[in-house]
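The structure under discussion appears below in the form of C-alpha cells.
Order of the sequence lines sets the chain letters (A, B, ...), proteins ahead of strands, with each chain counted from 1. Only this structure's heavy atoms are used, side chains among them; waters, hydrogens and symmetry mates stay out. Since the structure is predicted, the reported quantities are computational estimates derived from the model, not experimental observations.
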Protein chains: 2
Amino acid sequence: MTTDGQSTNESAVQGALSKLKAVGGRVTSARIAVLSVLEASSGHLSADAIATAVQVLQPAVHRATVYRTLESLVEVGVVSHTHLGHGAAVYHLIAEEHIHSQCQRCGRIVDLDAGLLAAAGRVLLSEHGFVLDPSHSALLGTCAACAATATVTAT
Amino acid sequence: MTTDGQSTNESAVQGALSKLKAVGGRVTSARIAVLSVLEASSGHLSADAIATAVQVLQPAVHRATVYRTLESLVEVGVVSHTHLGHGAAVYHLIAEEHIHSQCQRCGRIVDLDAGLLAAAGRVLLSEHGFVLDPSHSALLGTCAACAATATVTAT
DNA sequence: TTCTATGCAAACGATTTGCAGGGAG
DNA sequence: CTCCCTGCAAATCGTTTGCATAGAA
C-alpha cells in the first residue's frame with residue numbers, strides 16, 4: 001500500500017523534475033502542472049483527462065503539450081502508461097508497480113497486485129527470454145458485478 | 001498453401017458461415033473473402049491488413065465493410081480480436097485459445113500457451129470475482145533478441 | 001419481396017508533427 | 001545567447017457511422 005499520506009507530498013513532483021533536469025530537460029509550468037495533476041489523482045487518468053485537469057491550473061497549456069510532456073516523463077521514467085482495451089491509455093506516477101484490469105462491460109479499472117503476473121513473467125523469461133512489463137497492458141475481462149447482471153440467458 | 005484448399009480446409013470458413021446463418025446473417029462474397037484471408041493466415045492480422053488482403057480477392061470490398069464483417073464475426077464467436085499495446089487490434093479465427101505477447105521494441109507477436117494466465121485468472125476470479133479473458137489483451141514486454149541489444153547505453 | 005449487408009464519404013477520437021516564437025539555464 | 005519547450009493547427013492513424021442501394025434468402 002505505502003500510501004505515503006503527506007510526508008513525501010511534493011517529493012514525487014520534485015523528484016520527477018530532478019530526473020528531468022538530469023537528462024537536460026527543463027522545468028516549465030506546463031510540466032509542473034502535469035506532474036501536479038498526476039500526483040493529485042489516485043491514478044488512471046487518460047492523456048485527455050490530464051489535459052483537461054491541467055487547463056484548470058494552466059489555461060494556456062495546449063493538449064499537444066500534455067502529450068509531449070507525458071511522453072517525456074515516461075521516457076525519464078517517472079510516469080508509466082497502460083494501454084486499456086479499447087479507449088485511451090492511462091497514465092500515473094510510478095509508485096509501486098501494479099497491474100490493471102479492466103471490465104469490458106462497464107469499463108471499470110481495478111488495480112491488482114504486481115505479483116499476480118510474477119509466475120507468468122518467470123515462465124516467459126525462462127521459456128521465451130521475454131521480459132514481461134506487467135503494468136504496460138491491462139488484463140481484460142468481466143468484473144463481478146457485470147458478470148452477475150449479464151450472461152444469465154446467453155443466446 | 002494459398003491455393004484455395006478444398007476438402008476439410010474450408011471447414012473453418014464453412015463453419016463460420018453456418019453460425020452466421022444461424023443468427024440470421026447472410027453469406028456474402030465480402031464475408032467469404034474475410035474468412036478466407038483469416039483462414040489462410042496463420043494469425044495476427046490487423047483489420048487494415050485484412051482489408052488489404054481482401055482487396056486482392058474482392059477488389060470491390062470496402063475497408064468499412066471489413067470492419068463491419070469482423071465485428072459481426074466476433075459477435076458470432078468465430079473470430080477473436082486482441083488489443084496490442086500501441087497499434088491496431090489483431091484478428092484471427094478462433095481455434096485454440098492462446099495468449100499474445102508483443103515486444104515493445106520490434107513489435108513481434110508471440111503466441112503463448114493459454115495456461116500461462118490460468119493461475120492469475122483463478123486468483124482474479126476468487127479474489128475479485130473478475131472473469132479474465134486471457135486472449136483479449138496482449139502481454140507487453142521485450143523479446144529476447146531486443147533485450148540483448150537494449151542494454152547498451154543504459155544509465 | 002423483405003430485410004440485411006455494402007459502398008462511399010465524411011465524421012470521429014486519440015495522438016502526432018512542422019513550424020515559429022518564448023522561456024529556461 | 002542558445003537550445004529546449006510550447007502553442008497552434010493541420011495531419012495521421014484506426015475505426016465508426018449515416019444513407020441510399022445492391023443483393024441474399
In whole Å, what is the span from the [atom1] atom of [X] to the [atom2] atom of [N]?
{"X": "A/L84", "N": "C/dA14", "atom1": "CG", "atom2": "P", "result": "12 Å"}
{"X": "B/E75", "N": "C/dT4", "atom1": "CD", "atom2": "C1'", "result": "13 Å"}
{"X": "A/R31", "N": "C/dG25", "atom1": "CZ", "atom2": "C1'", "result": "13 Å"}
{"X": "B/I32", "N": "C/dA5", "atom1": "CD1", "atom2": "P", "result": "14 Å"}

Practice problem: Answer yes if the ring centres of B/H136 and B/H83 are under 6.0 angstrom apart, and no otherwise. | Solution: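 Centroid separation for B/H136 and B/H83: below 6.0 Å.
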Quiz item: What do you reckon, are the aromatic ring centroids of B/H98 and B/H92 less than 6.0 Å apart?
Solution: yes
Output yes when a side-chain donor or acceptor of [X] lies under 3.5 Å from a complementary backbone atom of [Y], and no otherwise.
{"X": "A/S46", "Y": "A/V90", "value": "no"}
{"X": "B/T69", "Y": "B/R31", "value": "no"}
{"X": "B/H62", "Y": "B/A64", "value": "yes"}
{"X": "A/Q55", "Y": "A/V61", "value": "yes"}

Quiz item: Looking only at side-chain N and O atoms, does A/S46 come under 4.0 Å of OP1 or OP2 in C/dA14?
Solution: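 No, outside the criterion.
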Quiz item: So what does A/G25 touch, heavy atoms closer than 4.0 Å: a base, only the sugar-phosphate, or nothing?
Solution: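 Contact class for A/G25: sugar-phosphate only.
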Quiz item: Taking for each residue the nucleotide of DNA chain D bearing the nearest heavy atom, is the 5' side occupied by B/R26 or by B/Y91?
Solution: B/Y91
Quiz prompt | A/F130 CZ to B/Q102 CD distance, which is reported to the nearest 0.5 Å | solution = 8.0 Å
Exercise. Walk along DNA chain D from 5' to 3' and tell me the first and last nucleotide with an atom closer than 4.0 Å to a non-hydrogen atom of chain B.
Key: D/dG14 to D/dA25
Quiz prompt | Qualifying residues under salt bridge (charged side-chain N to carboxylate O under 4.0 Å, His left out), relative to A/D111, sequence neighbours excluded | solution =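 Partners of A/D111 by the salt bridge (charged side-chain N to carboxylate O under 4.0 Å, His left out) criterion come out as none, since no residue qualifies.
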Practice problem: List in numerical order all residues of residues 55-68 of chain B for which some heavy atom is under 4.0 Å away from an atom belonging to DNA chain C. | Solution: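 Those residues are B/A60, B/V61, B/H62, B/A64, B/T65, B/R68.
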